[in-house]
Amino acid sequence: MKPEAPSNSPVGQSGEAEFLGDPISPISGGRVPRHVAIIMDGNGRWATQRGLPRVAGHRAGTENIRRVIERFADHGVKYLTLYAFSTENWQRPQPEVRALIRLLHFFIRRELANLHKNNVRLQMLGHLETLPDWLQRRVQSAIELTSGNTGLVLNICFSYGGRDDIVMAVRRVIEEEIPASELTEEVLARNLSTGTMPDPDLVIRTAGDLRISNFLLWQAAYAELYFTDAFWPDFGREDIDIALAEYGRRKRKFGGLLPEDIEAFKTP
Ligand code: FPP
(Lines give C-alpha, C1' and ligand atoms only; values in the text may rest on other atoms or scores of the structure.)
Protein backbone atom coordinates (compact mmCIF):
# COMPACT_ATOMS: atom_id res chain seq x y z
CA MET A 1 0.00 0.00 0.00
CA LYS A 2 1.35 3.45 -0.84
CA PRO A 3 2.04 6.11 1.77
CA GLU A 4 -0.36 9.02 2.15
CA ALA A 5 0.16 11.63 -0.61
CA PRO A 6 -1.17 15.18 -0.63
CA SER A 7 -4.43 16.08 -2.37
CA ASN A 8 -4.28 17.00 -6.04
CA SER A 9 -7.56 18.87 -5.80
CA PRO A 10 -7.40 22.61 -6.51
CA VAL A 11 -9.48 23.17 -3.38
CA GLY A 12 -7.42 21.69 -0.56
CA GLN A 13 -9.70 20.06 1.99
CA SER A 14 -7.15 18.29 4.10
CA GLY A 15 -4.88 21.18 4.93
CA GLU A 16 -1.99 19.25 3.39
CA ALA A 17 0.50 20.75 0.95
CA GLU A 18 -0.95 20.63 -2.56
CA PHE A 19 0.43 19.43 -5.84
CA LEU A 20 -0.98 18.77 -9.26
CA GLY A 21 0.54 15.36 -9.83
CA ASP A 22 -0.61 11.88 -8.86
CA PRO A 23 1.12 9.05 -7.03
CA ILE A 24 3.14 6.72 -9.23
CA SER A 25 1.77 3.20 -9.45
CA PRO A 26 4.40 0.51 -8.99
CA ILE A 27 2.26 -1.78 -11.16
CA SER A 28 1.24 0.43 -14.06
CA GLY A 29 4.39 2.53 -13.96
CA GLY A 30 2.15 5.56 -14.56
CA ARG A 31 0.07 8.11 -12.69
CA VAL A 32 -2.80 6.68 -10.71
CA PRO A 33 -5.75 8.54 -9.28
CA ARG A 34 -5.72 9.00 -5.56
CA HIS A 35 -9.51 8.77 -5.33
CA VAL A 36 -11.68 6.66 -7.67
CA ALA A 37 -15.48 6.79 -7.50
CA ILE A 38 -17.70 4.29 -9.31
CA ILE A 39 -21.33 4.21 -10.48
CA MET A 40 -21.87 0.45 -10.42
CA ASP A 41 -24.49 0.15 -13.17
CA GLY A 42 -25.79 -2.77 -15.23
CA ASN A 43 -26.60 -5.41 -12.61
CA GLY A 44 -30.19 -5.69 -13.92
CA ARG A 45 -29.14 -6.08 -17.55
CA TRP A 46 -26.44 -8.58 -16.59
CA ALA A 47 -29.12 -10.73 -14.92
CA THR A 48 -31.73 -10.30 -17.65
CA GLN A 49 -29.23 -11.43 -20.29
CA ARG A 50 -28.84 -14.66 -18.34
CA GLY A 51 -32.56 -15.17 -17.77
CA LEU A 52 -32.11 -14.46 -14.05
CA PRO A 53 -34.06 -12.15 -11.74
CA ARG A 54 -32.59 -8.65 -11.33
CA VAL A 55 -31.66 -9.39 -7.74
CA ALA A 56 -29.24 -12.08 -8.96
CA GLY A 57 -27.46 -9.30 -10.83
CA HIS A 58 -27.21 -7.20 -7.68
CA ARG A 59 -25.80 -10.20 -5.82
CA ALA A 60 -23.21 -10.84 -8.54
CA GLY A 61 -22.43 -7.12 -8.43
CA THR A 62 -21.90 -7.28 -4.68
CA GLU A 63 -19.59 -10.26 -5.06
CA ASN A 64 -17.57 -8.32 -7.63
CA ILE A 65 -16.67 -5.63 -5.12
CA ARG A 66 -13.91 -7.71 -3.52
CA ARG A 67 -11.82 -8.12 -6.66
CA VAL A 68 -12.34 -4.45 -7.56
CA ILE A 69 -11.06 -3.30 -4.15
CA GLU A 70 -8.06 -5.59 -4.44
CA ARG A 71 -7.12 -4.36 -7.90
CA PHE A 72 -7.40 -0.67 -7.06
CA ALA A 73 -5.47 -1.21 -3.81
CA ASP A 74 -2.73 -3.00 -5.76
CA HIS A 75 -2.48 0.04 -8.03
CA GLY A 76 -2.03 2.35 -5.04
CA VAL A 77 -5.45 4.01 -5.12
CA LYS A 78 -6.10 5.39 -1.66
CA TYR A 79 -9.86 6.12 -1.72
CA LEU A 80 -12.52 4.03 -3.46
CA THR A 81 -16.10 5.31 -3.37
CA LEU A 82 -18.91 3.02 -4.55
CA TYR A 83 -22.46 4.17 -5.35
CA ALA A 84 -24.54 1.31 -3.96
CA PHE A 85 -27.95 2.95 -3.44
CA SER A 86 -29.07 6.45 -4.37
CA THR A 87 -31.67 8.67 -2.73
CA GLU A 88 -33.73 8.01 -5.89
CA ASN A 89 -33.40 4.21 -5.67
CA TRP A 90 -36.11 4.18 -2.97
CA GLN A 91 -38.55 4.54 -5.90
CA ARG A 92 -37.69 1.04 -7.14
CA PRO A 93 -40.12 -1.80 -6.40
CA GLN A 94 -40.07 -2.68 -2.69
CA PRO A 95 -38.74 -6.24 -3.19
CA GLU A 96 -35.72 -4.83 -5.04
CA VAL A 97 -35.16 -2.16 -2.37
CA ARG A 98 -35.33 -4.82 0.34
CA ALA A 99 -32.91 -7.02 -1.60
CA LEU A 100 -30.40 -4.18 -1.89
CA ILE A 101 -30.61 -3.51 1.84
CA ARG A 102 -30.08 -7.22 2.52
CA LEU A 103 -27.09 -7.16 0.19
CA LEU A 104 -25.49 -4.43 2.26
CA HIS A 105 -25.72 -6.81 5.20
CA PHE A 106 -24.47 -9.72 3.07
CA PHE A 107 -21.50 -7.60 1.96
CA ILE A 108 -20.51 -6.73 5.51
CA ARG A 109 -20.99 -10.29 6.75
CA ARG A 110 -19.00 -11.78 3.89
CA GLU A 111 -16.25 -9.18 3.52
CA LEU A 112 -15.59 -7.54 6.86
CA ALA A 113 -12.91 -9.95 8.10
CA ASN A 114 -11.13 -9.81 4.75
CA LEU A 115 -11.33 -6.00 4.60
CA HIS A 116 -9.94 -5.71 8.11
CA LYS A 117 -7.15 -8.20 7.39
CA ASN A 118 -6.19 -6.14 4.35
CA ASN A 119 -6.02 -2.90 6.36
CA VAL A 120 -9.05 -1.41 4.54
CA ARG A 121 -10.97 1.29 6.35
CA LEU A 122 -14.73 1.11 5.75
CA GLN A 123 -16.87 4.25 5.73
CA MET A 124 -20.47 4.89 4.73
CA LEU A 125 -21.77 8.00 3.00
CA GLY A 126 -25.49 8.81 2.86
CA HIS A 127 -28.49 8.44 5.13
CA LEU A 128 -27.73 5.44 7.29
CA GLU A 129 -30.66 6.30 9.52
CA THR A 130 -32.92 4.98 6.73
CA LEU A 131 -31.65 1.46 7.42
CA PRO A 132 -33.27 -0.87 9.96
CA ASP A 133 -31.83 -0.37 13.47
CA TRP A 134 -30.11 -3.76 13.59
CA LEU A 135 -28.33 -3.04 10.31
CA GLN A 136 -27.32 0.45 11.43
CA ARG A 137 -25.66 -1.16 14.45
CA ARG A 138 -23.96 -3.76 12.25
CA VAL A 139 -22.66 -1.06 9.88
CA GLN A 140 -21.52 1.11 12.77
CA SER A 141 -19.54 -1.70 14.37
CA ALA A 142 -17.89 -2.51 11.01
CA ILE A 143 -16.90 1.16 10.66
CA GLU A 144 -15.51 1.18 14.20
CA LEU A 145 -13.63 -2.09 13.75
CA THR A 146 -11.77 -0.77 10.70
CA SER A 147 -11.46 2.86 11.81
CA GLY A 148 -7.77 2.51 12.72
CA ASN A 149 -6.80 0.89 9.41
CA THR A 150 -4.38 2.85 7.28
CA GLY A 151 -4.77 1.21 3.87
CA LEU A 152 -7.41 1.85 1.23
CA VAL A 153 -10.45 3.83 2.39
CA LEU A 154 -13.63 2.22 1.08
CA ASN A 155 -16.68 4.50 1.01
CA ILE A 156 -20.00 2.76 0.41
CA CYS A 157 -22.67 5.28 -0.59
CA PHE A 158 -26.09 4.17 0.60
CA SER A 159 -29.17 6.35 0.36
CA TYR A 160 -26.74 8.90 -1.03
CA GLY A 161 -27.48 11.78 -3.39
CA GLY A 162 -25.15 14.51 -4.57
CA ARG A 163 -27.77 17.25 -4.26
CA ASP A 164 -28.75 15.97 -0.83
CA ASP A 165 -25.07 15.99 0.22
CA ILE A 166 -24.90 19.71 -0.66
CA VAL A 167 -28.16 20.48 1.15
CA MET A 168 -26.92 18.63 4.26
CA ALA A 169 -23.65 20.58 4.12
CA VAL A 170 -25.55 23.89 3.92
CA ARG A 171 -27.66 22.83 6.90
CA ARG A 172 -24.51 22.12 8.94
CA VAL A 173 -23.06 25.51 7.98
CA ILE A 174 -26.27 27.20 9.14
CA GLU A 175 -26.30 25.16 12.36
CA GLU A 176 -22.70 26.21 13.01
CA GLU A 177 -23.86 29.83 12.53
CA ILE A 178 -21.12 30.56 10.03
CA PRO A 179 -21.71 34.10 8.72
CA ALA A 180 -22.53 34.36 5.00
CA SER A 181 -19.42 36.47 4.44
CA GLU A 182 -17.28 33.58 5.73
CA LEU A 183 -18.85 30.90 3.57
CA THR A 184 -16.24 29.76 1.06
CA GLU A 185 -15.85 26.72 -1.17
CA GLU A 186 -13.46 25.25 1.39
CA VAL A 187 -15.98 25.67 4.21
CA LEU A 188 -18.78 24.06 2.22
CA ALA A 189 -16.52 21.24 1.02
CA ARG A 190 -15.47 20.48 4.59
CA ASN A 191 -19.12 20.05 5.53
CA LEU A 192 -19.89 17.54 2.78
CA SER A 193 -19.95 13.83 3.62
CA THR A 194 -16.51 13.60 1.99
CA GLY A 195 -15.20 16.52 4.05
CA THR A 196 -11.96 14.86 5.15
CA MET A 197 -11.11 13.31 1.77
CA PRO A 198 -9.65 14.58 -1.47
CA ASP A 199 -12.08 15.02 -4.37
CA PRO A 200 -12.37 12.07 -6.75
CA ASP A 201 -9.81 12.18 -9.55
CA LEU A 202 -11.61 9.59 -11.64
CA VAL A 203 -15.32 8.76 -11.85
CA ILE A 204 -16.12 5.48 -13.61
CA ARG A 205 -19.58 4.43 -14.79
CA THR A 206 -20.19 0.93 -16.03
CA ALA A 207 -22.92 -0.34 -18.40
CA GLY A 208 -22.82 2.26 -21.14
CA ASP A 209 -25.00 5.14 -19.92
CA LEU A 210 -23.38 8.58 -20.05
CA ARG A 211 -24.79 10.18 -16.91
CA ILE A 212 -23.63 11.26 -13.46
CA SER A 213 -26.97 10.34 -11.83
CA ASN A 214 -26.68 12.63 -8.80
CA PHE A 215 -23.33 11.17 -7.69
CA LEU A 216 -20.75 13.41 -5.94
CA LEU A 217 -21.98 16.48 -7.83
CA TRP A 218 -19.81 18.98 -6.00
CA GLN A 219 -16.80 16.73 -5.53
CA ALA A 220 -16.59 15.61 -9.17
CA ALA A 221 -16.21 19.16 -10.50
CA TYR A 222 -12.79 18.38 -11.97
CA ALA A 223 -12.86 14.58 -11.99
CA GLU A 224 -11.94 12.74 -15.14
CA LEU A 225 -14.98 10.79 -16.37
CA TYR A 226 -14.63 7.27 -17.74
CA PHE A 227 -17.49 5.26 -19.23
CA THR A 228 -17.37 1.60 -20.17
CA ASP A 229 -19.96 -0.75 -21.68
CA ALA A 230 -19.06 -3.57 -19.26
CA PHE A 231 -21.85 -4.44 -16.84
CA TRP A 232 -20.80 -4.04 -13.20
CA PRO A 233 -20.66 -7.78 -12.33
CA ASP A 234 -18.25 -8.24 -15.28
CA PHE A 235 -16.08 -5.20 -14.51
CA GLY A 236 -12.83 -6.88 -13.56
CA ARG A 237 -9.07 -6.51 -13.33
CA GLU A 238 -8.51 -5.96 -17.03
CA ASP A 239 -11.23 -3.29 -17.22
CA ILE A 240 -9.66 -1.54 -14.22
CA ASP A 241 -6.24 -1.58 -15.83
CA ILE A 242 -7.68 -0.14 -19.05
CA ALA A 243 -9.49 2.61 -17.11
CA LEU A 244 -6.34 3.51 -15.18
CA ALA A 245 -4.24 3.51 -18.35
CA GLU A 246 -6.77 5.90 -19.93
CA TYR A 247 -6.64 8.10 -16.83
CA GLY A 248 -2.85 8.16 -17.08
CA ARG A 249 -3.15 9.61 -20.59
CA ARG A 250 -5.52 12.41 -19.60
CA LYS A 251 -4.11 15.92 -19.22
CA ARG A 252 -5.56 17.47 -16.08
CA LYS A 253 -5.61 21.24 -16.06
CA PHE A 254 -8.18 22.17 -13.39
CA GLY A 255 -9.20 25.11 -15.56
CA GLY A 256 -5.61 26.35 -15.83
CA LEU A 257 -2.89 25.66 -18.36
CA LEU A 258 -0.23 22.98 -18.55
CA PRO A 259 3.40 24.16 -18.44
CA GLU A 260 3.85 23.25 -22.14
CA ASP A 261 0.81 25.36 -23.08
CA ILE A 262 2.22 28.32 -21.13
CA GLU A 263 5.51 27.82 -22.97
CA ALA A 264 3.68 28.18 -26.29
CA PHE A 265 2.50 31.67 -25.27
CA LYS A 266 6.01 32.93 -24.63
CA THR A 267 7.37 35.24 -27.28
CA PRO A 268 10.88 34.37 -28.50
C1 FPP B 1 -27.47 -0.28 -10.89
O2 FPP B 1 -27.84 -1.40 -11.63
C3 FPP B 1 -27.04 -0.71 -9.62
C4 FPP B 1 -27.65 -0.39 -8.45
C5 FPP B 1 -28.84 0.46 -8.35
C6 FPP B 1 -27.15 -0.90 -7.21
C7 FPP B 1 -25.69 -1.18 -7.15
C8 FPP B 1 -25.56 -2.14 -6.08
C9 FPP B 1 -24.70 -3.17 -6.00
C10 FPP B 1 -23.57 -3.42 -6.90
C11 FPP B 1 -24.88 -4.16 -4.93
C12 FPP B 1 -25.11 -3.58 -3.59
C13 FPP B 1 -23.84 -3.43 -2.89
C14 FPP B 1 -23.77 -3.14 -1.61
C15 FPP B 1 -22.46 -3.06 -0.94
C16 FPP B 1 -24.98 -2.88 -0.86
P17 FPP B 1 -29.26 -1.42 -12.28
O18 FPP B 1 -30.14 -2.25 -11.43
O19 FPP B 1 -29.76 -0.04 -12.52
O20 FPP B 1 -28.94 -2.14 -13.63
P21 FPP B 1 -29.67 -1.90 -15.01
O22 FPP B 1 -29.41 -0.46 -15.40
O23 FPP B 1 -29.00 -2.88 -15.91
O24 FPP B 1 -31.12 -2.19 -14.79
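Positions are given from 1 along the sequence. Note that this is a predicted model, so its numbers are computed, not measured. Counting convention: from 1, in listed order, for ligands and their atoms alike.
Listed by number with element, the atoms of ligand 1 under 4.0 angstrom from any heavy atom of T62 are 11 (C), 12 (C), 13 (C). Less than 4.0 angstrom separates some heavy atom of N89 from each of these atoms of ligand 1: 5 (C). Which parts of ligand 1 touch W232 is read off a 4.0 Å heavy-atom cut-off, strictly below it: atoms 10 (C). Per-residue contacts place R92 under 4.0 angstrom from the following atoms of ligand 1 (heavy atoms of the residue considered): 5 (C), 17 (P), 18 (O), 19 (O). The atoms of ligand 1 that sit less than 4.0 Å from any heavy atom of H58 are 4 (C), 11 (C), 18 (O). Of all atoms in ligand 1, listed by their number and element, those nearer than 4.0 Å to a heavy atom of L104 are 16 (C).
Both tests pass for R59 against the ring of F106: distance under 6.0 Å to the centre and angle within 45° of the axis. Cation-pi check for R138 over W134 is not met; the charged atom does not lie both under 6.0 angstrom from the ring centroid and within 45 degrees of its normal.
Ion pairing between R172 and E175 fails under the 4.0 Å rule for side-chain N and carboxylate O. Using a 4.0 Å cut-off between a side-chain N of Lys or Arg and a carboxylate O of Asp or Glu, R45 and D209 qualify as a salt bridge.
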Q) Where do D201 and R252 land on the salt bridge (Lys or Arg N to Asp or Glu O under 4.0 Å) test, with the steps shown first? A) CA-CA 9 Å; D201 303 294; R252 305 192 71 195; 3.0 Å; yes

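Crowding of R163 atom CZ: a count of heavy atoms from other residues, nucleotides or ligands under 6.0 Å not exceeding 12.
Polar contact check, R45 against ligand 1: a nitrogen or oxygen pair lies under 3.5 Å apart. Considering backbone and side-chain N/O atoms, D41 comes within less than 3.5 Å of an N/O atom of ligand 1. Of the N or O atoms in A84, none lie within a sub-3.5 Å distance of an N or O in ligand 1.
Y83 pairs with exactly one of F215, F158, W232 by the ring-ring contact (aromatic ring centres under 6.0 Å, His included) rule, that one being F215.
At the top of the distance list for atom 20 (O) of ligand 1, counting protein heavy atoms only, stands G44 N, 3.1 Å. With hydrogens left out, the protein atom closest to atom 10 (C) of ligand 1 is N43 ND2, 3.3 Å, a heavy atom.
Residue nearest to atom 24 (O) of ligand 1, selected from M40, R54, R205, E111: R54 (by heavy-atom distance).
Within the 3.5 Å criterion, the main-chain N or O of P198 finds a donor-acceptor partner in the side chain of H35. Side chain of D165 to backbone of L192: no donor-acceptor contact under 3.5 angstrom is found.
Note on ligand 1: A207 sits outside its first shell, no heavy atom being nearer than 4.0 Å. Ligand 1 does not have R59 within reach: every non-hydrogen atom of the residue lies 4.0 Å or more from it.
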